[in-house]
Amino acid sequence: MENADVAQVLAEVADLLELTGGNAFKARAYRQAAQIVDLLPTPVSELWREGKLTELPSIGERIAAHIEELLNTGRFREHDQLLAKVPPGVLELLKVEGIGPKTASLAWKRLRVKELAALVKACRDGSMEKLPRMGAKRVAAILLALERYQARKGRVPLHRALATAESIAERLRKVPHVRAAEVAGSIRRRRETIGDIDLLVAATGADEVIRAFREAPEVETLTATGPTKCTARLKSGLQADLRIVPPESFGAALHYFTGSKAHNIELRTRAMRRGLKLSEYGVFDRQGKRLGGETEQDVYRAVGLPWIPPELREGAGELEAAEEGRLPRLIEEKDVRGDLHVHSEASSDAHSSLEELCKEAGRLGREYLAITDHSKSRPLGLDAVQMRAHALAIQRFGLQREEAPRLLTGVEVDILQDGTLDLPLDVLQGLDWVVASIHSHFTDPPGKITQRMIAAMRSGVVDVLGHPGGRQLGLRDAYAFDFEKVLEVARAERVALEVNAMPERLDLDDKHCRLAKDAGVALVISTDAHHASQLGNLRYGVWMARRGWLERGDVLNTLGPRQLEARLHRPRHFGTHIELRASL
Ligand code: DGT
Ligand code: CA
Ligand code: CA
Ligand code: ZN
């Protein structure tokens with residue numbers, strides 16, 4: 001147990017005493033002891049071994065005995081007894097700025113508030129205001145603080161954390177005696193949202209690493225430090241955990257801190273059944289002999305499994321699949337040959353010309369690009385006449401180009417509230433590629449949303465449903481629509497589903513990707529770029545697809561243009577440009 005952990009338990013005892021109306025002097029003594037331990041320059045366990053605990057200010061016999069119990073067993077009885085009396089949600093209330101034990105226990109005892117959500121409600125419905133010494137002003141301040149707390153506590157989309165994490169890791173790699181530095185945790189698993197950043201370093205000494213970490217420009221302040229680990233609050237508001245391990249444990253530690261927790265637990269159980277012990281320090285046999293731990297492969301090999309890609313480590317059947325030799329060969333970014341949802345400056349919310357888009361797409365090695373601007377119901381969207389003219393302009397522009405990518409004429413057509421499409425069918429039929437998306441009336445009942453999608457798919461002109469789940473991370477959850485029904489119709493009509501790679505959409509999500517694959521419905525990974533610089537976002541979609549167990553064969557735009565054309569449900573003319581060129 002680190003000093004910070006001990007300090008936290010002592011401080012919690014003080015909170016619990018105050019919440020339960022216990023002795024105020026006693027509570028103060030615990031709080032002071034917590035502060036002393038927290039700021040101690042040496043490990044408290046060392047002082048304890050040397051019998052020097054009671055020499056510390058504020059630590060008498062009684063608290064010293066508790067610390068001893070804590071260090072020995074990881075807990076102590078008085079703490080457990082107090083915890084049993086207070087709902088965990090009440091303890092959490094104390095983390096909100098301006099809420100002390102008095103307010104929290106008033107709300108709990110008088111209003112039966114046992115969690116944050118209930119406190120928000122009590123503040124809004126006026127019941128909080130009626131409590132003694134409360135009043136409208138205090139309640140308003142508490143409400144504000146509650147909102148800030150929930151925002152801080154909230155998860156951030158992957159892209160907000162990824163660059164920061166990688167840049168800190170890069171800095172740590174340059175520190176002397178560092179052998180390796182990797183980003184672990186949910187970022188390494190490419191989860192769409194991130195709770196905190198986890199960094200792991202293999203090094204022979206920790207001090208220099210911790211110093212470099214503290215001095216990283218992204219770091220605001222260290223909130224906890226120990227001999228081989230520390231936690232920082234970053235300027236972005238995120239938290240980052242850093243751990244330093246000896247090189248021979250790096251693989252085991254990387255595995256452990258990559259998670260997920262569910263995956264780790266399953267793997268450890270499997271190891272136990274084979275008489276092995278897995279920990280962040282390595283793989284050990286019954287006699288405690290170390291069998292490995294320098295690489296992640298060691299860990300999996302010890303339990304008789306092949307290495308499992310981090311994106312699959314969610315405790316969702318990956319161990320069974322590995323056991324039976326049916327782990328998917330996950331799709332990779334380089335497998336994707338074209339981008340089938342791209343906006344040019346003809347969309348009012350997009351900014352790049354065809355020229356700029358082609359240049360960047362060519363640089364990224366894309367072989368084809370479908371220009372899919374908005375239809376007329378969106379602000380300044382294109383009507384039938386404008387769309388025809390636009391398609392012609394795209395073809396003309398494509399004709400003048402010799403090099404990749406090939407341009408496809410396309411559209412992102414709105415699926416209107418009644419399920420009809422926002423442009424006449426003959427206009428849509430004249431295009432190379434039709435994305436159909438819902439951009440309005442999100443709050444209609446789920447059944448209605450399902451019907452809209454089904455109607456669009458049955459139009460006979462739609463190639464793919466754009467961002468089918470409708471979610472926007474941190475803003476709007478996916479519709480509660482009937483996905484099974486959508487899959488059934490998609491398969492029958494041979495309509496693909498999009499994995500929209502915009503970092504704030506990532507829609508379909510991993511679970512829906514997997515369901516689609518299992519239902520035999522094709523997927524398309526698209527950037528939905530609104531600027532040339534966003535064409536590089538494809539990787540986010542690929543990560544989501546990998547988390548959804550997708551392989552190359554599950555994704556239509558891993559095909560070359562000719563193969564793609566041949567797979568579609570109505571004849572297409574991707575080759576027109578070539579033929580036109582020949583006839584010119
Ligand atoms: P996050 O931060 O909420 O996005 O998700 P993670 O997965 O990064 O979780 P985090 O930061 O709490 O912990 C990092 C990894 O450490 C986690 O994925 C697995 C491992 N870990 C943490 N706590 C436990 C635990 O109690 N048991 C086990 N088996 N593993 C744990
Ligand atoms: Ca984390
Ligand atoms: Ca963490
Ligand atoms: Zn779009």
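In listed order, ligands and their atoms are each counted from 1.
Under 3.5 Å, the side chains of Trp307 and Glu296 contain a donor-acceptor pair of N or O atoms. A donor-acceptor contact closer than 3.5 angstrom is absent between the side chains of Asp414 and His374. The closest side-chain donor-acceptor pair between His263 and Glu314, if any, does not fall under 3.5 angstrom.
For the Zn ion (ligand 4), the set of nearby N, O or S atoms under 2.8 Å includes none belonging to His530.
Remark: Lys235 NZ is packed, more than 12 non-hydrogen atoms of other residues, nucleotides or ligands lying under 6.0 Å away.
Angle NE2(His343) to the Zn ion (ligand 4) to OE1(Glu412), rounded to 10°: 90°. Rounded to 10°, the angle formed at the Zn ion (ligand 4) by Asp528 OD1 and His341 NE2 is 80°.
When the Ca ion (ligand 3) is compared with the N/O/S atoms of Asp241, atom OD2 turns out nearest. Of all N/O/S atoms in Asp198, OD2 sits nearest the Ca ion (ligand 2). The name of the N, O or S atom in Asp196 nearest to the Ca ion (ligand 2) is OD1.
Rounded to the nearest 0.5 Å, atoms CG (Leu487) and CE (Met457) are 8.0 Å apart.
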